[in-house]
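This report refers to the structure that appears directly beneath it.
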Amino acid sequence: MKLIFLSKLILPVLIAILILFNAQPLQAHLVSDEDIKEKDVPVAVVKAIKDKYADIYIYNWEWSKKKNYYRATFVFKGDEYKLYLNPAGQISKTDKKTQFAVLPSNIRDSFGQTEFASWFVSEAREITENDITVYQIKVKNDKKWKLKFDSAGKLIKNEKD
């Protein structure tokens, strides 16, 4: 009798524990960014990228449930890109990692007039969001700084990195 009572009590508890442990990764998936496979990306998203950037291999896909976007990372003409798209395939942000030497001359000239001009440039990016382009330059010496310039070449932000 005790065995039947225990099995009726323990079995539902064990099932509840198994369900909780199996549901936990699912809950984490719903609130955090997650790498995904291209087959899990809406056709409209893949098409939007491949129409704009022909013959590329997207080596990383990510989905952000919280921010409602897909992020594709790929290399195009030697530059690393991160494209942010909504589920309908509309590009909301483009983040292009490039070489300092190919940034527009007004950006390079403005950088040359900052106190960081003699520092080592570790990274240069062109970031476009809502039709506004900013240029980010990361520099390092004994410290690390991130500088942002608007498209006219004006330094709009500098902060420790």
Side-chain angles (χ1 to χ4, degrees), residues 21 23-161:
F21 281 112
Q24 188 175 8
L26 178 61
Q27 290 170 344
H29 163 74
L30 294 176
V31 296
S32 66
D33 296 352
E34 178 184 4
D35 288 342
I36 58 174
K37 304 261 186 239
E38 187 169 315
K39 67 179 180 63
D40 299 322
V41 177
V43 174
V45 172
V46 176
K47 184 177 178 344
I49 295 172
K50 298 216 173 171
D51 283 352
K52 186 169 180 162
Y53 302 95
D55 300 323
I56 60 162
Y57 169 70
I58 299 168
Y59 64 85
N60 187 308
W61 283 100
E62 190 175 292
W63 163 245
S64 175
K65 176 80 173 178
K66 184 177 178 182
K67 296 180 182 175
N68 195 36
Y69 69 74
Y70 289 90
R71 184 178 81 188
T73 306
F74 58 92
V75 174
F76 182 71
K77 296 184 179 180
D79 294 322
E80 180 186 77
Y81 282 77
K82 291 181 182 176
L83 252 54
Y84 298 77
L85 302 94
N86 67 21
Q90 297 166 321
I91 298 171
S92 60
K93 180 178 176 181
T94 303
D95 182 340
K96 178 174 110 175
K97 185 176 180 181
T98 191
Q99 300 296 315
F100 176 80
V102 299
L103 291 177
S105 60
N106 66 326
I107 304 301
R108 294 191 319 266
D109 292 345
S110 292
F111 171 76
Q113 296 172 18
T114 69
E115 62 186 282
F116 303 99
S118 63
W119 289 34
F120 175 75
V121 174
S122 61
E123 185 178 280
R125 293 185 173 277
E126 177 182 307
I127 303 165
T128 304
E129 187 171 11
N130 300 323
D131 295 324
I132 297 171
T133 300
V134 296
Y135 297 89
Q136 177 179 287
I137 300 171
K138 289 187 177 183
V139 294
K140 61 182 175 180
N141 202 341
D142 56 336
K143 299 175 184 163
K144 295 179 181 180
W145 282 79
K146 183 177 6 177
L147 313 172
K148 288 188 179 180
F149 296 86
D150 66 15
S151 58
K154 179 181 176 190
L155 179 63
I156 55 175
K157 188 174 189 179
N158 62 349
E159 62 187 5
K160 284 187 180 180
D161 193 25

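These numbers were taken from a predicted model, which means no experiment stands behind them. Any value given below was found using the heavy atoms of this structure, including those in side chains, with hydrogens, waters and symmetry copies removed.
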Within the 4.5 Å heavy-atom criterion, are D40 and W61 side-chain neighbours or not?
no

What heavy-atom pair brings Y59 and E80 nearest, and what distance separates the two atoms?
OH-OE2, 2.5 Å

Any Lys/Arg nitrogen of D150 or K154 sitting under 4.0 Å from an Asp/Glu carboxylate oxygen of the other?
no

Given E159, which partner from the list K144, K143, K146 fulfils the salt bridge (Lys or Arg N to Asp or Glu O under 4.0 Å) test?
K146

Any heavy-atom pair between the side chains of T114 and W145 that's under 4.5 Å?
no

D95 and its salt bridge (Lys or Arg N to Asp or Glu O under 4.0 Å) partner, picked from R71, R125, K82
R125

Within this structure, what is the CD1-OH distance for the pair I36 and Y70, rounded to the nearest 0.5 Å?
5.5 Å

Go through the steps to decide whether F111 and F100 satisfy the test ring pair (Phe, Tyr, Trp, His ring centres under 6.0 Å), and finish with yes or no.
CA-CA 10 Å; F111 171 76; F100 176 80; 5.3 Å; yes

Could you report the tightest heavy-atom contact between I49 and F74, atom names first, then the distance?
CG2-CE2, 4.1 Å

Look up atom NZ in K66 and atom CG in D33, then write down how far apart they are to the nearest 0.5 Å.
9.0 Å

Please report the shortest heavy-atom distance between V102 and R108, naming the atom on each side.
C-NH1, 4.3 Å

Would you name the heavy atoms of E126 and T133 that are closest together and state the gap between them?
CG-CG2, 3.7 Å

Between L103 and I137, is there a side-chain heavy-atom distance shorter than 4.5 Å?
yes

Hey, what do you get for CD1 (I107) to CG (L155), rounding to the nearest 0.5 Å?
10.0 Å

What's the spacing between Y53 OH and T94 OG1 if we round to 0.5 Å?
5.0 Å

Tell me whether N130 contacts the main-chain N or O of I132 through its side chain, where contact means a donor paired with an acceptor under 3.5 Å.
no

Neighbour count >12 (heavy atoms, 6.0 Å) for atom CG, D131
no

Just by modelled atom types, is the D79 backbone N or O under 3.5 Å from a matching donor or acceptor in the T98 side chain?
no

Between E62 and N60, is there a side-chain heavy-atom distance shorter than 4.5 Å?
yes

Ignoring hydrogens and geometry, is there a side-chain-to-backbone donor-acceptor pair from N141 to W119 under 3.5 Å?
no

With rounding to the nearest 0.5 Å, note down the distance linking NZ in K52 to CD1 in I91.
4.5 Å

Hey, what do you get for OH (Y135) to OG1 (T128), rounding to the nearest 0.5 Å?
7.0 Å

Would you name the heavy atoms of L85 and V45 that are closest together and state the gap between them?
CD2-O, 4.0 Å

Nearest atoms (heavy-atom pairs only) where I58 meets A72
CG2-CB, 3.8 Å

